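Everything on this sheet refers to the single structure shown next.
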Protein chains: 2
Amino acid sequence: MTKTKDRGAVALPLNTIIDGDCIEVMRSLPEASVDLIFADPPYNLQLRGDLHRPDNSLVDAVDDAWDQFSSFEAYDRFTRDWLSAAKRLLKPNGAIWVIGSYHNVFRMGAELQNQGFWILNDVVWRKSNPMPNFRGKRLTNAHETLIWASRDEGAKYTFNYEALKALNEGIQMRSDWVLPICTGHERLKDDAGDKAHPTQKPESLLHRVILGTTNAGDVVLDPFFGTGTTGAVAKMLGREYIGIEREEAYRKVAKKRIENVRKFDSDSIAVSTSKRAEPRVAFGVLVERGMLRPGEMLVSPRGKTAKVRADGTLIGDDVKGSIHQVGAHLEGAPSCNGWTYWHFKRDGKQVPIDLLRQQVRAEMREN
Amino acid sequence: MTKTKDRGAVALPLNTIIDGDCIEVMRSLPEASVDLIFADPPYNLQLRGDLHRPDNSLVDAVDDAWDQFSSFEAYDRFTRDWLSAAKRLLKPNGAIWVIGSYHNVFRMGAELQNQGFWILNDVVWRKSNPMPNFRGKRLTNAHETLIWASRDEGAKYTFNYEALKALNEGIQMRSDWVLPICTGHERLKDDAGDKAHPTQKPESLLHRVILGTTNAGDVVLDPFFGTGTTGAVAKMLGREYIGIEREEAYRKVAKKRIENVRKFDSDSIAVSTSKRAEPRVAFGVLVERGMLRPGEMLVSPRGKTAKVRADGTLIGDDVKGSIHQVGAHLEGAPSCNGWTYWHFKRDGKQVPIDLLRQQVRAEMREN
DNA sequence: CGTTTGGTTGAATCATAAC
DNA sequence: CGTTATGATTCAACCAAAC
């Protein structure tokens, strides 16, 4: 899996997690060699005292040393340094994603502009299940903000418009994304059973970022690698990753995690480019949320099969397209409701995919 | 309707629209005299050329002179000046709302922090009907960002938690608000039938802001008044407004608009309040009034018991003190609300002692 | 085995009046 | 001003145990 790309004198260590401070490491890597950077830096939360829930339990806050800065000036200096090192690494048509909260995102956004990055969108991750405001003193902090920017104004950045549109019921993707926070089995635990990292991001978020703004084979670098969500999703989607992480415990967890990830096959990774492909339902969301996996086979009541692709389309023996199109073709029918036609296997039984849609709808209703 | 508030030498011109540059005007008004500022400054859009829809019609872009700045530095200087003038105007417990897009909001947010404002929330206005991205080159820009900040860290800002919770079907209000953009009858037209202002904000947005973060009678200032949405909603909700606007055409439209607005009656303006705003009642008063008798046993939901003493304290097996102290001790909790924790028996049923406090408060209101 | 219930938790700048 | 005491406050998701 590990390989390198030679860029003149220095090699680019692909699909590895580099130990060290991200600024120093980035400065040591060859310039103009990376297609996309995804960065989830410390938020500088500035929490004051303890916080208890109404039931008197204590909230496990982010109080790690790596999130502490002495002042806005110190945080700005840090931001300036890592962003300029990142810019140097990007190819001319490369792009960057950063994520943050109101504590730090305004400073990151301003510095991106100061350094000549060109903001393409700010994107709101609307959390379907945020932590409430326990004291009733403010609004529930229910979102985080991502900024997507190209290296320079006028850059020919990558944007898979049709793939994201397919993920969004055939309607063009908006700048607000409703996704659950990372919990349950996806949330990595340490040996003691506690969360391995206080701020692990959901794979669904990275799925959308990487699918939408890179091509297969692109190099994706994450300078604040943590537990390696970026690397795991990049590997699934057939992209090359480079992680930088200075905490040994995080590196260890990330390495093991990514080793267990299987790359989806090429058919599954291919995204829609046809303007005709306009699925009328958000089948792609099931894939994005991990309810169905790219490469997984769906079955019809009469035994026809088709394979799930990462952008929410299907591929059969001699046909590809939406769940409805593929179903109609296999049945020789003018139309077909893919939601009731296609089934997946769970515990030996065949279950219609419509069941999964109902689950998603239930979650969406709650917003 | 027009009136003034004297603050020493200079009068505060309430419910008027002041002609002039907002920085100069704000500097001329008395300091620490305003409860809330709502600011919708120029976004510095940096548009590059005309944009046409797929049907070749031309998009009517924001290309007004007031939105043009020569550089980020010029925009930052402008932001610094109007924000510092605004901060001077705010009462110690005052607060500010600003709204912007990714073009300017990061610079505003950073400058708010630089000047010592304390960010309380960033709020996403998620547009239910945004303009699509006609070129398919980016995500649909479907939201704008508001920042809510108090004048200083530690300020006792106004937040009508219960009112916003009621607006949200009984669930606490989140930081993402889904509201339609301003269209239809609400969208003001000029004499030629064109939109009177390119960026008129919906009244629903200001309704939520003003209802949630001011009290009736508070002074709300808008330094970029435009067509006066802030003034119109402030008047409806029984708040005093001050508008500053340098364009005569906007002032004229705003004045006429607000004259036609009727204030809601007092009952409609009153909002749900929290228990915190209710007068404090000493537990001993219940004993004093014979609602509970010394020697009577109180019971917790989980079966703990304590005895009422004549001085309004409780005594348990190995602890005595206030209803809160004894409850906290018996539960091993850092704190405990004795009013909801302790119950007395009436007709065989367990009733929380908070019911008795409500009776006392009802009697107090009648006097 | 399916369903219900109870417990836990998540990037959080989370109190205030009285003394 | 600091200290002490009162007392207000939660939503969705997941999981394990109970039924």
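Remember, predicted model here, so these are calculated numbers, not experimental data. Below, each value reflects all heavy atoms present in this structure, side chains not excepted, and no hydrogens, waters or symmetry copies. Residue numbers start from 1 in every chain, and the chains themselves are labelled A, B, ... in the order their sequence lines are given, proteins ahead of strands.
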Please evaluate the base of [N] for a donor-acceptor partner in the side chain of [X] within a cut-off of under 3.5 Å?
X: A/Lys201; N: C/dA11; value: yes
X: A/Arg53; N: C/dG10; value: yes
X: A/Arg138; N: C/dT13; value: yes
X: A/Ser128; N: D/dA13; value: no
X: B/Trp118; N: C/dT13; value: yes

Considering just the side-chain nitrogens and oxygens of [X], establish if one lies under 4.0 Å of OP1 or OP2 belonging to [N].
X: A/Asn141; N: C/dC14; value: no
X: A/Arg135; N: C/dA15; value: yes
X: A/Asn129; N: D/dC11; value: no
X: B/His324; N: D/dG7; value: yes

Pair [X] + [Y], salt bridge at N-O below 4.0 Å:
X: A/Arg208; Y: A/Glu203; result: no
X: B/Glu162; Y: B/Arg276; result: no
X: A/Arg53; Y: A/Asp55; result: no

Classify [X] by what it touches in the nucleic acid, base, sugar-phosphate, or nothing, heavy-atom distance under 4.0 Å.
X: B/Ile119; value: base
X: A/Glu144; value: base
X: B/Ser274; value: sugar-phosphate
X: A/Pro202; value: nothing
X: A/Gly49; value: base
X: A/Leu47; value: base
X: B/Glu162; value: sugar-phosphate
X: B/Val281; value: sugar-phosphate
X: A/Asn56; value: nothing
X: A/Asn44; value: nothing

Any side-chain heavy atom of A/Phe106 within less than 4.5 Å of one from B/Arg107?
no
5' priority, DNA chain C, between B/Arg276 and A/Tyr43 [closest heavy atom]:
A/Tyr43
On DNA chain C, compare the nucleotides closest to A/Gln200 and A/Arg48; which residue's is nearer the 5' end?
A/Gln200
Taking the six-membered ring of B/Phe159 as reference, does the cationic atom of A/Lys137 (NZ for Lys, CZ for Arg) lie under 6.0 Å from its centre and within 45° of its axis?
no
Taking atom NZ as the centre, does A/Lys189 end up with more than 12 heavy-atom neighbours from other residues, nucleotides or ligands that are less than 6.0 angstrom away?
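Yes.
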In terms of the nearest nucleotide of DNA chain D, which residue is placed more toward the 5' end: A/Asn133 or B/Cys336?
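Counting from the 5' end, the first nearest nucleotide belongs to B/Cys336.
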Heavy-atom nearest nucleotide on DNA chain D for A/Thr140 versus A/Thr183: which residue maps closer to 5'?
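Looking at DNA chain D, the more 5' nearest nucleotide goes with A/Thr140.
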Centroid under 5.5 Å and tilt under 30°, A/Phe134 to C/dC14
no
Assigned chi class of C/dT13 under the 90° convention is syn
Ignoring the backbone of A/Ile181, work out which of C/dG10, D/dA12, D/dT9 is nearest its side chain.
C/dG10
